[in-house]
Amino acid sequence: MSSDEVLVETDGPFAVITMNRPERRNALSLSHMRALTTAFRQVGETDATGTVLAGNGPVFSAGHDFADLAGADLGAARELLLACRELMETIQSVPQVVIARVHGLATAAGCQLVATCDLAVATWSAGFAAPGGKGGWFCHTPMVPIARNVGRKRAMEMALTGDVIDAGTALDWGLINRAVPPEELEKATRELLERATRGSRRSKALGKQAMYAQLGHPEADAYTYAVEVMAAASQTPEAQEGIRAFLEKRAPQWPA
């Protein structure tokens, strides 16, 4: 599954997908986004329980590769942005828990990646920005998941100023789950992923997909949807085994 631009490795029950364009600050060119999408889809078809998204080099991801965009016509720009949307939607649709391991700067579509992942852990030295607001090309698409993480006023501050926020601020605002010293990044990422992947894999996959679906609806509609999903899920072998194991005070034996 690996390519020159995207490395895919196995770490016990987890997969690690690493952006490998350090010379381009892991900028998201069209080919790079397509390779990432393919990697996530292929991992999604395996029995991995979780996936780490990481980056090689000093920067997590600098966002879109402007070499693809200089002089690009409308059709080419739209193609690039649709490929980015496809990548983001793939990350949220695969059954595995996806966690971003952020060691450095994540800007524009790179920050979009962090906001899109289910979970994120960063070093204290990492930074996050949607810099289009202080340039000539506003970060319209990166702000879709960023705003859903941090709320309107903070999203507008990021979008309008374009300033970098540090990991402590990102943690306070809800963009990431943990901020740790650099030497603890891999350990903290794995510990959170281990806790987030306990239980039935199929139940968690349904829960992840339903969570994203209900977040897009008003509360009353979200309840209507969630009630039906949870009622249907109560009939699955995983749910019944979990209920019986609780009542019988024993460890559950999840169906294969």
Side-chain angles (χ1 to χ4, degrees), residues 1-29 31-44 46 48-65 84 86-129 142 145-146 149 164 166-167 170-171 175-197 208:
M1 290 186 285
S2 295
S3 67
D4 290 341
E5 293 189 348
V6 177
L7 307 178
V8 182
E9 303 169 286
T10 299
D11 181 14
F14 307 133
V16 181
I17 297 176
T18 304
M19 295 178 283
N20 190 41
R21 300 186 76 209
E23 74 289 350
R24 296 292 297 168
R25 298 162 64 91
N26 293 322
L28 298 174
S29 66
S31 64
H32 189 51
M33 289 189 292
R34 287 177 172 165
L36 282 168
T37 301
T38 296
F40 274 105
R41 285 178 176 163
Q42 291 178 339
V43 168
T46 71
T49 58
T51 303
V52 176
L53 175 62
N56 279 337
V59 170
F60 178 77
S61 176
H64 288 303
D65 193 333
C84 184
E86 184 178 13
L87 169 60
M88 304 300 163
E89 290 180 339
T90 298
I91 289 171
Q92 293 190 341
S93 68
V94 295
Q96 288 87 1
V97 177
V98 179
I99 188 168
R101 190 174 72 201
V102 188
H103 68 286
L105 191 64
T107 64
C111 190
Q112 183 180 1
L113 269 177
V114 176
T116 296
C117 288
D118 306 319
L119 303 167
V121 178
T123 65
W124 285 113
S125 57
F128 305 86
I146 292 172
N149 279 244
V164 176
D166 60 26
L171 177 63
L175 185 60
I176 61 175
N177 299 88
R178 302 281 188 279
V180 298
E183 64 273 15
E184 296 180 14
L185 179 61
E186 288 195 23
K187 178 183 178 183
T189 301
R190 186 178 178 92
E191 286 179 348
L192 180 55
L193 188 56
E194 286 175 344
R195 292 193 296 110
T197 53
K208 169 181 169 173

Exercise for the section: Using modelled atom types only, decide if a donor and an acceptor are shared between the side chain of K208 and the backbone of P95 within a distance under 3.5 Å. Expected result: no
Exercise for the section: Could you check D118, V52, T51 and say which one makes a side chain to side chain contact (heavy atoms under 4.5 Å, CB included) with L193? Expected result: V52
Handout entry: Test salt bridge (Lys or Arg N to Asp or Glu O under 4.0 Å) applied to D11 - qualifying residues, sequence neighbours left out
Key = R190
Practice task
Could you walk me through whether L28 and L36 pass side-chain contact (heavy atoms from CB on, under 4.5 Å), step by step?
Solution key: CA-CA 9 Å; L28 298 174; L36 282 168; 3.9 Å; yes
Handout entry: Q92 side chain vs T116 backbone, donor-acceptor pair below 3.5 Å
Key = yes
Exercise for the section: Take C111 and L175, measure what side-chain contact (heavy atoms from CB on, under 4.5 Å) needs, and give me the verdict at the end. Expected result: CA-CA 9 Å; C111 190; L175 185 60; 3.9 Å; yes
Exercise for the section: Locate the shortest heavy-atom distance separating G104 from A126; write the atom from each residue and the value. Expected result: O-CB, 3.5 Å
Practice task
Verify, without hydrogens or angle tests, whether D166 (side chain) and G127 (backbone) share a donor-acceptor contact under 3.5 angstrom.
Solution key: no
Handout entry: Sidechain-backbone polar pair: T18 side chain, N20 backbone, donor-acceptor under 3.5 Å
Key = no
Handout entry: Sidechain N-carboxylate O distance under 4.0 Å for R41, E86
Key = yes
Handout entry: Separation of C117 SG from M88 CE (nearest 0.5 Å)
Key = 8.5 Å
Problem - Shortest non-hydrogen contact from C84 toward Q112 - result: SG-OE1, 3.6 Å
Handout entry: Spatial distance of atom CD (Q42) from atom OG1 (T37) [nearest 0.5 Å]
Key = 11.0 Å
Exercise for the section: Quick one: pull up CG in L113 and CG in L53 and give me the separation to the nearest 0.5 Å. Expected result: 6.0 Å
Handout entry: Residue E186 excluded, over 12 heavy atoms near CD under 6.0 Å
Key = no
Practice task
Give the minimum heavy-atom separation between T123 and P182, together with the two atoms involved.
Solution key: CG2-CA, 3.6 Å
Practice task
Could you please spell out the steps behind the side-chain contact (heavy atoms from CB on, under 4.5 Å) verdict for V43 and V94?
Solution key: CA-CA 8 Å; V43 168; V94 295; over 6 Å; no
Exercise for the section: List the atom of H103, the atom of G57, and the distance in Å for their closest heavy-atom pair. Expected result: NE2-O, 2.5 Å
Exercise for the section: Any chance you could measure S29, atom OG, to R24, atom CZ, to the nearest 0.5 Å? Expected result: 8.5 Å
Exercise for the section: Output yes when a side-chain donor or acceptor of T107 lies under 3.5 Å from a complementary backbone atom of A62, and no otherwise. Expected result: yes
Completion exercise
Rounded to the nearest 0.5 angstrom, the CD-CZ distance for E184 and R178 is 12.5 Å
Problem - Main-chain N/O of A27 paired with R21 side-chain donor or acceptor, under 3.5 Å - result: yes
Handout entry: Minimum heavy-atom distance P181-W124, with the two atoms named
Key = N-CD1, 3.4 Å
Exercise for the section: Locate the shortest heavy-atom distance separating A35 from V6; write the atom from each residue and the value. Expected result: CB-CG2, 3.7 Å
Handout entry: Heavy-atom side-chain proximity of I176 to F128 below 4.5 angstrom
Key = yes
Handout entry: Full working for side-chain contact (heavy atoms from CB on, under 4.5 Å) between I99 and F14
Key = CA-CA 11 Å; I99 188 168; F14 307 133; over 6 Å; no
Exercise for the section: Look at the side chain of N26 and the backbone N and O of F60, then say whether any donor-acceptor pair between them is shorter than 3.5 Å. Expected result: yes
Practice task
Rounded to the nearest 0.5 Å, what's the gap from CD on E5 to CE on M33? Could you check?
Solution key: 11.0 Å
